[in-house]
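Before any comments, here is the structure.
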Number of protein chains: 2
Amino acid sequence: MAERAQYEELVRQFSAFGAVKRELGRIMPAECPGGSAAVLTLLGRHGDMRMSKLAELLAVDMSVTSRHVAHVVARGWIERSPDPADKRSRILRLTPAGHAQLDELSRRTTEVLEERLSDWSDEDVRRLTQLMARLRESFDCRPAARAAPPAVEQTTRTPAST
Amino acid sequence: MAERAQYEELVRQFSAFGAVKRELGRIMPAECPGGSAAVLTLLGRHGDMRMSKLAELLAVDMSVTSRHVAHVVARGWIERSPDPADKRSRILRLTPAGHAQLDELSRRTTEVLEERLSDWSDEDVRRLTQLMARLRESFDCRPAARAAPPAVEQTTRTPAST
DNA sequence: TATTGTTATACTCTATAACTATA
DNA sequence: TATAGTTATAGAGTATAACAATA
């Protein structure tokens with residue numbers, strides 16, 4: 001358990017982190033803003049999935065997910081096919097062009113990080129990655145995970161607010 | 001120097017970090033969005049300063065700073081007094097109400113972090129804070145710091161793009 | 001001429017609410 | 001009735017460019 005001053009300093013770093021994100025965003029292809037990049041990355045990492053699953057991984061509302069996906073579909077990077085098991089659902093899958101775009105994104109971000117973090121040890125990079133992952137877990141993010149006790153999770157929608 | 005897979009994982013955490021920021025933002029007072037909170041925090045930490053200095057600390061364009069400051073001034077949390085040394089400039093200073101608001105912000109964020117990070121060791125909190133601070137330094141952020149060699153820094157404006 | 005700061009405009013990301021089509 | 005997904009609308013953050021006042 002840390003002290004108040006420690007927490008304040010941590011929050012200060014959270015706030016300043018936006019500058020890093022923006023700097024990284026500047027080197028991305030113009031046609032592929034952050035939201036699109038996130039969609040491609042998660043599909044590349046976790047494979048084909050439904051909208052609701054993607055929304056959960058992105059930790060944003062499904063309406064936001066829908067917009068990002070529409071943008072990415074319009075550019076031919078993913079395709080939406082109907083789910084035979086549930087006609088309300090759609091299965092998202094990377095197209096060959098999507099894989100190519102993903103490679104390009106990876107190339108650019110790696111290039112920038114190699115330059116900016118050239119004096120970082122491998123261990124420090126790993127440590128930061130792990131701590132940020134743990135932070136995300138500690139902050140829950142998904143509504144179900146915090147609201148419910150060790151119960152079953154049943155919905156991915158925003159719960160009714162009263 | 002880390003490997004490509006390490007960098008990709010780190011970028012993934014950068015992307016996911018947005019969820020943490022949003023979660024933290026939800027518990028802030030409605031009248032005080034993130035931009036205002038950042039202004040108050042920096043003024044509280046560094047004392048009175050000019051717009052240009054604040055813009056540098058925020059690592060955003062001065063036009064953005066101007067908007068945030070206008071919002072905060074409208075709520076009576078800071079005051080803009082003319083700089084006697086340079087009539088183009090304005091000195092920003094926290095009002096008593098601003099100090100009170102700052103205390104409230106600190107109280108809320110500390111409360112949330114104490115809850116969410118209750119199982120974190122003091123050392124891990126400190127380590128994450130330090131690594132994020134170092135990350136910010138590695139990413140420069142201010143235009144002058146990267147563009148110029150070990151030369152004097154002379155402008156805080158966006159440099160001409162050609 | 002160059003710099004400080006403001007304003008107008010535009011774009012991205014996000015959430016809420018209303019809507020459709022299925023279960 | 002409840003759920004999957006879409007769309008309309010609104011709010012916050014940011015950048016660029018044009019502008020006013022002062023160095």
Side-chain angles (χ1 to χ4, degrees), chain A residues 15 17-19 21-26 28 30-39 49-56 58-74 80-92 141 143 153-162, chain B residues 15 17-19 21-23 25-26 28 30-39 49-56 58-74 80-92 141 143 154-162:
Chain A
S15 176
F17 181 73
K21 281 277 276 289
R22 289 195 294 279
E23 191 70 11
L24 209 50
R26 273 187 256 280
M28 297 306 250
E31 284 289 276
C32 189
S36 300
V39 167
M49 68 182 78
R50 305 196 307 173
M51 291 290 306
S52 53
K53 174 67 176 174
L54 180 60
E56 187 187 326
L58 287 170
V60 297
D61 192 85
M62 190 141 64
S63 65
V64 177
T65 306
S66 185
R67 256 183 43 134
H68 288 325
V69 165
H71 185 271
V72 173
V73 167
R80 282 184 286 208
S81 39
D83 183 346
D86 184 341
K87 286 178 186 166
R88 295 170 304 179
S89 280
R90 307 230 246 171
I91 304 294
L92 309 175
C141 301
E153 73 175 33
Q154 23 200 9
T155 172
T156 58
R157 300 300 302 266
T158 304
S161 47
T162 14
Chain B
S15 176
F17 181 73
K21 281 279 275 292
R22 289 194 295 279
E23 192 70 11
R26 273 186 256 280
M28 297 306 250
E31 285 290 276
C32 187
S36 300
V39 167
M49 67 182 81
R50 305 196 307 173
M51 291 290 306
S52 53
K53 174 69 175 171
L54 180 58
E56 187 186 326
L58 287 170
V60 297
D61 192 86
M62 189 140 65
S63 65
V64 176
T65 306
S66 186
R67 256 182 42 135
H68 288 325
V69 165
H71 185 270
V72 174
V73 167
R80 282 182 288 205
S81 39
D83 182 346
D86 183 342
K87 287 179 186 164
R88 295 171 303 179
S89 281
R90 306 230 245 172
I91 304 293
L92 308 176
C141 300
Q154 25 200 10
T155 174
T156 57
R157 299 301 302 266
T158 304
S161 47
T162 24

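Just so we're clear, the structure is a prediction, and the values are computed from it rather than from any experiment. As a basis for the values below, the full set of heavy atoms in this structure was taken, side chains included, without hydrogen atoms, waters or symmetry mates. Each chain gets a letter, A, B and so on, in the order the sequences are listed, and its residues count up from 1.
- In this structure, CE in M51(A) is found 9.0 Å from CG in L58(A), a value given to the nearest 0.5 Å.
- Here the CD1-NZ distance, from I91(B) to K53(B), works out to 12.5 Å after rounding to the nearest 0.5 Å.
- Mapping I91(B) and A30(A) onto DNA chain C by nearest heavy atom places I91(B) closer to the 5' end of the strand.
- Using a 4.0 Å heavy-atom criterion, one finds that G18(B) contacts no nucleic acid atom at all.
- Side-chain N/O atoms of S52(A) include none lying less than 4.0 angstrom from OP1 or OP2 on dT3(D).
- Taking the salt bridge (charged side-chain N to carboxylate O under 4.0 Å, His left out) definition, one finds that D83(B) meets it with nothing, sequence neighbours left out.
- Atoms CD (E56(B)) and C1' (dT3(C)) sit 15 Å apart, rounded to a whole Å.
- Looking at the side chain of M62(A), the nearest of the listed nucleotides dA4(D), dA8(D), dT6(C) is dA4(D).
- Listed nucleotides: dG13(D), dT4(C), dG5(D). Nearest to the side chain of M51(A): dG5(D).
- A straight line from CG of L24(A) to C1' of dC13(C) spans 16 Å, rounded to a whole angstrom.
- Look at H68(A) and you'll find a side-chain N or O under 4.0 angstrom from OP1 or OP2 of dT14(C).
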At a cut-off of 3.5 Å, list every protein nitrogen or oxygen paired with a nitrogen or oxygen from nucleotides 9-11 of chain C, distance to 0.1 Å.
none

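- Applying the 4.0 Å criterion to OP1 and OP2 of dG13(D), one finds that R22(B) has every side-chain N and O outside that range.
- By the side chain to side chain contact (heavy atoms under 4.5 Å, CB included) test, K87(A) is found to be paired with no residue, residues two or more places apart in sequence or in another chain being considered.
- Of all heavy-atom pairs spanning K21(B) and S15(A), the tightest one is NZ-O, 4.2 Å.
- For R80(A), the salt bridge (charged side-chain N to carboxylate O under 4.0 Å, His left out) criterion is met by no residue, not counting sequence neighbours.
- Residue-level contact check: S89(B) touches the backbone only, with heavy atoms under 4.0 Å from sugar-phosphate atoms and none from bases.
- Shown here are the side-chain hydrogen bond (donor to acceptor under 3.5 Å, both in side chains) partners of R88(A), two or more places apart in sequence or in another chain: D86(A).
- Following rounding to the nearest Å, R90(A) (CZ) and dT7(D) (P) show an atom-to-atom distance of 8 Å.
- Taking for each of G34(A) and S66(B) the nucleotide of DNA chain C with the nearest heavy atom, the 5'-most of the two is the partner of S66(B).
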Show every donor-acceptor pair shorter than 3.5 Å between a side-chain atom in residues 66-73 of chain A and any protein atom, with sequence neighbours excluded, or say none if there are none.
from   : atom 1 : to     : atom 2 : distance (Å)
H71(A) : ND1    : S36(A) : OG     : 2.9
H71(A) : NE2    : R75(A) : NH1    : 3.3
H71(A) : NE2    : R75(A) : NH2    : 3.3

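- Note: CD (E23(A)) to P (dT14(D)) measures 14 Å, nearest angstrom.
- Atoms NE2 (H71(B)) and P (dG13(D)) sit 8 Å apart, rounded to a whole Å.
- For the atom pair CE of M49(B) and CD of E56(B), the computed distance is 10.0 Å after rounding to the nearest 0.5 Å.
- Nearest heavy-atom pair, R50(B) versus S89(B), reported as atom, atom and distance to 0.1 Å: NH1-OG, 2.9 Å.
- We find that CE of M28(A) is positioned 11 Å from P of dC13(C), with the value rounded to whole Å.
- Which of dT6(C), dT16(D), dA15(C) sits closest to the side chain of D61(B) comes down to dT16(D).
- At the heavy-atom level, V60(A) lies under 4.0 Å from the strands shown only through sugar-phosphate atoms.
- Nearest nucleotide to the side chain of S63(A), out of dT16(C), dG5(D), dA15(D): dT16(C).
- At dT6(D), one or more side-chain N or O atoms of R80(A) fall inside 4.0 Å of OP1 or OP2 (strictly under the cut-off).
- If you measure from atom CE of M49(B) to atom P of dG5(C), you get 12 Å, rounded to the nearest angstrom.
- The distance from atom CD of E31(B) to atom C1' of dG11(D) is 13 Å, rounded to the nearest whole Å.
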Pairs under 3.5 angstrom, nitrogen or oxygen only, protein versus nucleotides 21-23 of chain D, please.
from    : atom 1 : to     : atom 2 : distance (Å)
dA23(D) : OP1    : K87(B) : N      : 2.7

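- A search for side-chain hydrogen bond (donor to acceptor under 3.5 Å, both in side chains) contacts involving S81(A) returns nothing, not counting sequence neighbours.
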